[in-house]
A.B. asks: 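Starting off with a structure, shown below.
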Amino acid sequence: MYQEKDILRPMLFLLALNVLTLLVKVFYFFDTSHLIKAARNNLMNHEVHFDNKIADWKYIESIYHSEKDNINKLAPKLTKSHIYPLRTEKMKVKLATQVLSHSVSAAINFSVTSGNLSHNALGTAEYILNFDQLFDIFNSSTFVTTKELNKAFTGSDSQIKFLLEMQQFLKKLKFITIQKENGKIIDEKDVTNNIKFVNSWLISISSLIGLRISQDCLENFFGLVKKQSGDCITPTSIQFTRAFKKLFTCCFLVHSGAENCADDFSIILAQLKDVNNKCLTKHTCEVCGNYSMAHQALDENNLYCYFKAYQNDKSLFGSLRMPNDDFFIFICKLEILFQENFSDFALKDKLLNSFIELFKTESLNHLKT
């Protein structure tokens with residue numbers, strides 16, 4: 001038979017727990033990695049209405065298709081897996097964050113301004129930028145970064161202001177399911193009440209204390225262990241140990257994170273900002289310094305950099321350096337040479353020296369400016 005104290009013990013525990021919850025305020029977060037995937041998935045499946053604007057997945061598709069065969073791209077990370085993800089690919093946080101990114105938002109803004117996309121696409125750019133910044137502020141882990149909202153949360157006025165703005169933005173979102181037949185809309189249905197992730201964002205914003213809380217890294221690890229065990233969801237202790245040892249050996253001790261060259265072609269030389277900054281580490285004279293910031297006015301050649309800058313409060317291009325047009329043309333010529341000759345040079349010795357000699361055939365006289 002149970003003794004009286006055995007019956008009272010759980011009751012006392014529950015009483016103490018109830019008293020504790022009254023005395024201590026508990027904050028909780030939804031996992032940010034899952035929320036950003038939900039923001040992407042719902043944009044894929046619905047039109048999103050807010051402030052007389054519409055966010056629509058078709059504009060992201062348009063950006064991808066318009067430049068997928070180009071060497072230089074406004075959104076170089078967009079691939080078929082981003083636009084038409086398979087079931088397993090939808091689980092990858094990286095694909096969601098690279099779609100809902102500052103770069104894709106800037107690409108849409110630039111395309112609208114240059115007349116390649118309808119003015120209606122601006123709602124999509126705003127939707128993307130807001131969720132990119134929301135993810136940043138919940139995923140912060142450092143005090144020093146070029147993205148202001150990616151800095152560790154300290155409760156600064158700018159951070160609090162942004163969170164309050166996002167609360168209002170999220171409350172205005174309406175998700176509309178569109179049914180079409182032969183390209184014509186035959187039905188529209190408001191499914192906002194069925195969308196749960198918006199309220200999860202609101203709760204997380206209210207509870208923000210500035211910690212980087214995410215279980216995605218743990219889930220990724222368990223997913224790899226599962227694959228090592230033949231997709232077994234309940235590996236034995238021996239299987240788990242063997243999988244862990246193999247993953248540690250293959251992943252942690254890897255000497256290089258370089259990707260396949262073919263995948264990197266579009267961004268090896270196209271990152272003009274990085275090339276420009278690296279040049280200045282070798283040439284620090286006043287002439288080179290002035291040349292690297294020759295552009296001070298906004299025109300069609302630097303419009304994308306205006307949208308790409310994280311902050312435009314101090315200057316048109318934020319912290320980005322804008323060199324003379326001649327330098328941009330020079331880099332484009334080098335990229336073309338690289339693209340045309342890499343396949344031949346890759347099979348030869350002294351690859352770097354071959355490219356250096358080839359690049360010397362293109363000259364740049366910055367002193368004339």
A.B. asks: Can you tell me if Lys37 uses its side chain to pair, donor with acceptor, with the backbone of Met91 under 3.5 Å?
C.D. replies: yes
A.B. asks: Nearest 0.5 Å please: distance from the CZ atom of Phe138 over to the OG atom of Ser207.
C.D. replies: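 So the gap between those two atoms works out to 8.0 Å.
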A.B. asks: Only counting residues at least two apart or in another chain, list the ones meeting side chain to side chain donor-acceptor pair (under 3.5 Å) with Ser158.
C.D. replies: Ser156
A.B. asks: Side chain to side chain contact (heavy atoms under 4.5 Å, CB included) with Phe169: which of Gln167, Met166, Lys171?
C.D. replies: Met166
A.B. asks: Do the side chain of Asp132 and the main chain of Ile128 share a donor and acceptor less than 3.5 angstrom apart?
C.D. replies: no
A.B. asks: Report the C-alpha separation of Lys360 and Ile356 in whole Å, then their side-chain angles, then the decisive distance to 0.1 Å, and conclude whether the side chain to side chain contact (heavy atoms under 4.5 Å, CB included) test is met.
C.D. replies: CA-CA 6 Å; Lys360 286 181 179 179; Ile356 290 176; 3.8 Å; yes
A.B. asks: How close do Leu134 and Phe162 get, heavy atom to heavy atom, and via which atoms?
C.D. replies: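 Nearest pair, atom of Leu134 first, then Phe162: N-CZ, 3.8 Å.
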A.B. asks: Does the separation of the ring centres of Phe135 and Trp201 fall below 6.0 angstrom?
C.D. replies: no
A.B. asks: Between Asn45 and Thr177, is there a side-chain heavy-atom distance shorter than 4.5 Å?
C.D. replies: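 No, side chains not in contact.
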A.B. asks: If only atom types and distance count, is the side chain of Glu340 paired as donor or acceptor with the main-chain N or O of Leu337 below 3.5 Å?
C.D. replies: no
A.B. asks: Looking at Asp187, I want to see if its CG is surrounded by more than 12 non-hydrogen atoms of other residues, nucleotides or ligands under 6.0 Å.
C.D. replies: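 Atom CG in Asp187 is crowded, with more than 12 foreign heavy atoms closer than 6.0 Å.
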A.B. asks: Are side-chain heavy atoms of Ile108 and Leu122 found at a separation under 4.5 Å?
C.D. replies: no
A.B. asks: Side-chain heavy atoms under 4.5 angstrom apart, residues restricted to Ile, Leu, Val, Met, Phe, Trp, Tyr: same cluster for Val48 and Val198?
C.D. replies: yes
A.B. asks: On a heavy-atom basis, which atom in Lys53 and which in Gly123 lie closest, and how many Å separate them?
C.D. replies: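 So the two residues come closest at CB-CA, 4.1 Å.
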A.B. asks: For the pair Thr192 (side chain) and Phe175 (backbone), establish whether a donor and an acceptor sit closer than 3.5 Å, ignoring hydrogens and angles.
C.D. replies: yes
A.B. asks: Which heavy atom of Thr124 sits nearest to which heavy atom of Asp56, and what is that distance?
C.D. replies: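 Heavy atoms of Thr124 and Asp56 come nearest at OG1-N, 2.9 Å.
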A.B. asks: Distance check, rounded to the nearest 0.5 Å: Ile54 atom CD1 versus Glu126 atom CD?
C.D. replies: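 If we round to the nearest 0.5 Å, Ile54:CD1 and Glu126:CD are 13.0 Å apart.
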A.B. asks: With hydrophobic residues grouped by side-chain heavy-atom distances under 4.5 Å, do Leu129 and Val112 end up in a single group?
C.D. replies: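 Different clusters: Leu129 never reaches Val112 through Ile, Leu, Val, Met, Phe, Trp or Tyr contacts under 4.5 Å.
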A.B. asks: Should Asn199 and Ile203 count as side-chain neighbours, where that means a heavy-atom distance under 4.5 Å?
C.D. replies: yes
A.B. asks: Identify, with sequence neighbours excluded, every residue that meets side chain to side chain donor-acceptor pair (under 3.5 Å) alongside Lys172.
C.D. replies: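 Applying side chain to side chain donor-acceptor pair (under 3.5 Å) to Lys172 gives Asp51.
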A.B. asks: Please round to the nearest 0.5 Å and tell me the distance separating atom CD of Gln339 and atom CG of Asn341.
C.D. replies: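 Between atom CD of Gln339 and atom CG of Asn341 there are 10.0 Å.
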A.B. asks: Would you confirm whether Arg40, through its side chain, and Leu35, through its main-chain N or O, come within 3.5 Å as a donor-acceptor pair?
C.D. replies: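 Flag not set: sc Arg40 to bb Leu35 has no pair under 3.5 Å.
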A.B. asks: Below 4.5 Å, heavy atoms only, C-beta onward: do Pro85 and Lys92 meet side chain to side chain?
C.D. replies: no
A.B. asks: Sequence neighbours left out, what pairs pass salt bridge (charged side-chain N to carboxylate O under 4.0 Å, His left out) with at least one residue falling in residues 106-119?
C.D. replies: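 Residue pairs passing salt bridge (charged side-chain N to carboxylate O under 4.0 Å, His left out), neighbours aside: none found.
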A.B. asks: Only counting residues at least two apart or in another chain, list the ones meeting side chain to side chain contact (heavy atoms under 4.5 Å, CB included) with Glu67.
C.D. replies: Ile63, Asn70, Lys73, Leu74, Ala75
A.B. asks: Report whether Ile60 and Leu95 are members of the same hydrophobic cluster (ILVMFWY, side-chain heavy atoms less than 4.5 Å apart, transitive linking).
C.D. replies: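 No; tracing contacts between hydrophobic side chains, which count when under 4.5 Å, never links both residues.
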A.B. asks: Distance check, rounded to the nearest 0.5 Å: Lys333 atom NZ versus Ile336 atom CD1?
C.D. replies: 9.0 Å
A.B. asks: Tell me the closest heavy-atom pair linking Asp31 and His34, and the distance in Å.
C.D. replies: OD2-ND1, 2.6 Å
A.B. asks: With His82, which residues qualify under side chain to side chain donor-acceptor pair (under 3.5 Å), at least two apart?
C.D. replies: Thr79, Gln98
A.B. asks: Any sub-3.5 Å donor-acceptor pair from Ser114's side-chain atoms to Phe110's backbone N or O?
C.D. replies: yes
A.B. asks: Rounded to the nearest 0.5 Å, what's the gap from NZ on Lys58 to CD1 on Ile83? Could you check?
C.D. replies: 15.0 Å
A.B. asks: Verify side chain to side chain contact (heavy atoms under 4.5 Å, CB included) between Leu86 and Ser81, making sure each step is shown before the conclusion.
C.D. replies: CA-CA 7 Å; Leu86 303 175; Ser81 295; over 6 Å; no
A.B. asks: Does any N or O in the side chain of Ser33 come within less than 3.5 Å of the main-chain N or O of Val93, such that one atom is a donor and the other an acceptor?
C.D. replies: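 No; judged by distance alone, with no hydrogens or angles, the pair does not exist.
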A.B. asks: What about Tyr59 and Tyr64, are their ring centers closer than 6.0 Å?
C.D. replies: no
A.B. asks: Looking at residues at least two apart in the chain, or sitting in another chain, which of them share a side chain to side chain donor-acceptor pair (under 3.5 Å) with Glu61?
C.D. replies: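 Side chain to side chain donor-acceptor pair (under 3.5 Å) check on Glu61 returns Tyr84.
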A.B. asks: In terms of ring plane angle, is the pair Phe197 and Phe131 parallel, tilted or perpendicular, where the classes change at 30° and 60°?
C.D. replies: tilted
A.B. asks: Would you say the side chain of Ile176 lies within less than 4.5 Å of the side chain of Val191, judging by non-hydrogen atoms?
C.D. replies: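 Val191 vs Ile176: side chains apart.
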A.B. asks: Between Ile205 and Leu170, is the side chain to side chain contact (heavy atoms under 4.5 Å, CB included) condition met? List the steps.
C.D. replies: CA-CA 11 Å; Ile205 290 175; Leu170 290 166; 3.7 Å; yes
A.B. asks: Examine distances only and state if a side-chain atom of Thr236 and a backbone atom of Gln239 form a donor-acceptor pair shorter than 3.5 Å.
C.D. replies: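 A pair under 3.5 Å: yes.
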A.B. asks: Nearest 0.5 Å, please: how far is CG in Asp344 from CG in Leu351?
C.D. replies: 11.5 Å
